[in-house]
Amino acid sequence: MYARITGTGSYLPEKVLHNRDLEKIVDTSDKWIRERTGIIKRHIAAEGQTTRDLAVEAARRALQSAGRQPQDVDLIIVATTTPDKVFPSTACLVQQSLDIHGCPAFDVQAVCTGFVYALGVADKFIRSGSHRCALVIGAETISRILDWSDRSTCVLFGDGAGAVVLEPSEAPGILSTHLHADGKYEELLHVPGGVSRGYPAEEAGGAFVQMKGNEVFRIAVNTLGKIVDETLEENQLQKSDIDWLVPHQANIRIIAATAKKLNLDMNQVVVTVDEHGNTSAASIPLALDVAVREGRIKPGQTLIMEAFGGGFTWGSALLRL
Ligand code: UT7
């Protein structure tokens, strides 16, 4: 028994912020952002529009593409770093909006690796036979935890949501998931403040993303190269068996390095970082939905998803669509 993705959906907020708009806010340039990251624009949630709102829209679209009704859903997992409330979980809020009652609903927090973690968890629920229709969502309003005066972070991120429906199947779907973390890197990429620790007044920027970008970059490239090897080895596959790379969208240079490691041409890589920026846990399901709807990824093809993020956390999923 496998868990298979039977539907995909995504949602991007209406407001678009171009690099040129950022030139008016911080000391940056369109040229620097394009060359160092590949980002051209990103979407930003409207005032009052929350992670739940984005997640619900993506979920409705995924259910529609799977030919399922909300009432068919028996498991909801939301990967997010930017929940609406401390509690209830965003998954419970999504459940309420979709008028679903009684099924388990919970959030997973693994920052940019969140969707891969959520998919790994849902895969185990489905394969065990205990659940038959999972909604797995990555949704973020990262714009709310950015310091808009810090050019080293505010140009990198965007808001959005992506979702998949996962159902049991005798034909191969998810072939394996690989999840990792190492908390010793806590301070290279983090929001220093929090509910329990508080937001000390003297700790400037305590409520916002802080990143030592070039150190994160170096470790990300290295680690993603290794996770790709681990994924192929465990499945006894060759690089040439992979049709598509659907990577986390943090930086085009990181994506290109992983593609090179897999001997993949860039036209076998789904790239959305140019249009979406880094949407953290939402980036992989957003990219997947874009490529599926454009008819680029075809049923039966083999794809590898990979992500790296705060924690550090990292992971991959190998699957057949
Ligand atoms: O999704 C979770 C994981 N996150 C990532 O994987 C992100 C990993 N890191 C990166 O993608 C890249 O390191 C960045 C895009 C964040 C930065 O690129 P970089 O090539 O590593 O640049 P850098 O941090 O080494 O900075 C180079 C220069 C510095 O100036 P000096 O010291 O050389 O004079 C920065 O101050 O670029 C400067 N800089 C900027 N200049 C214009 C930093 N941010 C900006 C900016 N505009 N927005």
Side-chain angles (χ1 to χ4, degrees), residues 17-42 79-82 109-117 138-143 145-160 162 179-183 185-191 205 208-228 245-259 261 271-274 276-287 305-316:
L17 202 61
H18 292 268
N19 292 347
R20 296 262 177 234
D21 302 320
L22 287 161
E23 288 177 352
K24 295 175 198 141
I25 303 173
V26 286
D27 179 16
T28 191
S29 66
D30 175 50
K31 184 171 182 292
W32 189 96
I33 301 171
R34 280 179 196 245
E35 287 180 3
R36 299 288 179 125
T37 72
I39 300 167
I40 297 170
K41 58 184 185 176
R42 70 288 287 143
T80 188
T81 308
T82 46
Q109 158 58 304
V111 206
C112 297
T113 318
F115 181 77
V116 176
Y117 266 61
E140 302 278 16
T141 47
I142 289 283
S143 63
I145 54 167
L146 294 176
D147 174 355
W148 288 97
S149 67
D150 177 7
R151 69 175 185 176
S152 72
T153 52
C154 77
V155 305
L156 304 174
F157 295 91
D159 301 333
L179 309 179
H180 297 282
D182 191 339
Y185 296 106
E186 174 188 352
E187 290 183 3
L188 289 186
L189 174 52
H190 65 149
V191 173
F208 303 119
V209 174
Q210 294 184 12
M211 174 165 69
K212 295 197 172 72
N214 46 17
E215 288 178 60
V216 175
F217 185 97
R218 205 167 20 83
I219 301 171
V221 168
N222 208 352
T223 307
L224 291 171
K226 285 190 193 138
I227 193 101
V228 158
L245 172 63
V246 186
H248 170 50
Q249 310 280 326
N251 187 316
I252 191 68
R253 294 183 291 141
I254 298 177
I255 294 171
T258 312
K261 173 92 192 169
V271 175
T272 51
V273 68
D274 51 344
H276 303 167
N278 179 349
T279 58
S280 188
S283 89
I284 290 178
L286 258 164
M305 298 172 172
E306 46 79 350
F308 181 89
F312 288 148
T313 55
W314 64 98
S316 67

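Read the numbers this way: they start at 1 and go in the same order the structure lists the ligands and their atoms.
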- Is at least one protein non-hydrogen atom found at under 4.0 angstrom from atom 47 (N) of ligand 1? yes
- Note on the structure: ligand 1 atoms nearer than 4.0 angstrom to some heavy atom of Asn251 are 10 (C), 11 (O), 12 (C), 15 (C)
- Task: Can you pull out the closest protein heavy atom to atom 2 (C) of ligand 1? Residue, atom name and distance to 0.1 Å, please.
- Result: Cys112 SG, 3.3 Å
- Message: Using a 4.0 Å cutoff against the non-hydrogen atoms of Ala250, which atoms of ligand 1 qualify?
- Response: 1 (O), 5 (C), 6 (O)
- Of His248, Glu140, Gln249, which is the lone residue that meets side-chain hydrogen bond (donor to acceptor under 3.5 Å, both in side chains) with Ser280? Glu140
- Return yes when at least one protein heavy atom is under 4.0 Å from atom 8 (C) of ligand 1, and no when none is. yes
- Protein heavy atoms: any of them under 4.0 Å from atom 39 (N) of ligand 1? yes
- Query: Looking only at N/O atoms, are Gly309 and ligand 1 under 3.5 Å apart anywhere?
  - Reply: no
- Check each of Ile219, Asn214, Asn278 against atom 23 (P) of ligand 1 and report the one with the nearest heavy atom. Asn214
- Query: Does the protein place any heavy atom closer than 4.0 Å to atom 34 (O) of ligand 1?
  - Reply: no
- Of Glu35, Arg151, Arg36, Glu23, which has the heavy atom at the shortest distance from atom 22 (O) of ligand 1? Arg36
- Item | Distance filter under 4.0 Å to Phe308 heavy atoms, resulting ligand 1 atoms | 1 (O), 2 (C), 3 (C)
- Evaluating non-hydrogen atoms only, which member of Thr313, Val221, Ile142, Val216 is closest to atom 4 (N) of ligand 1? Val216
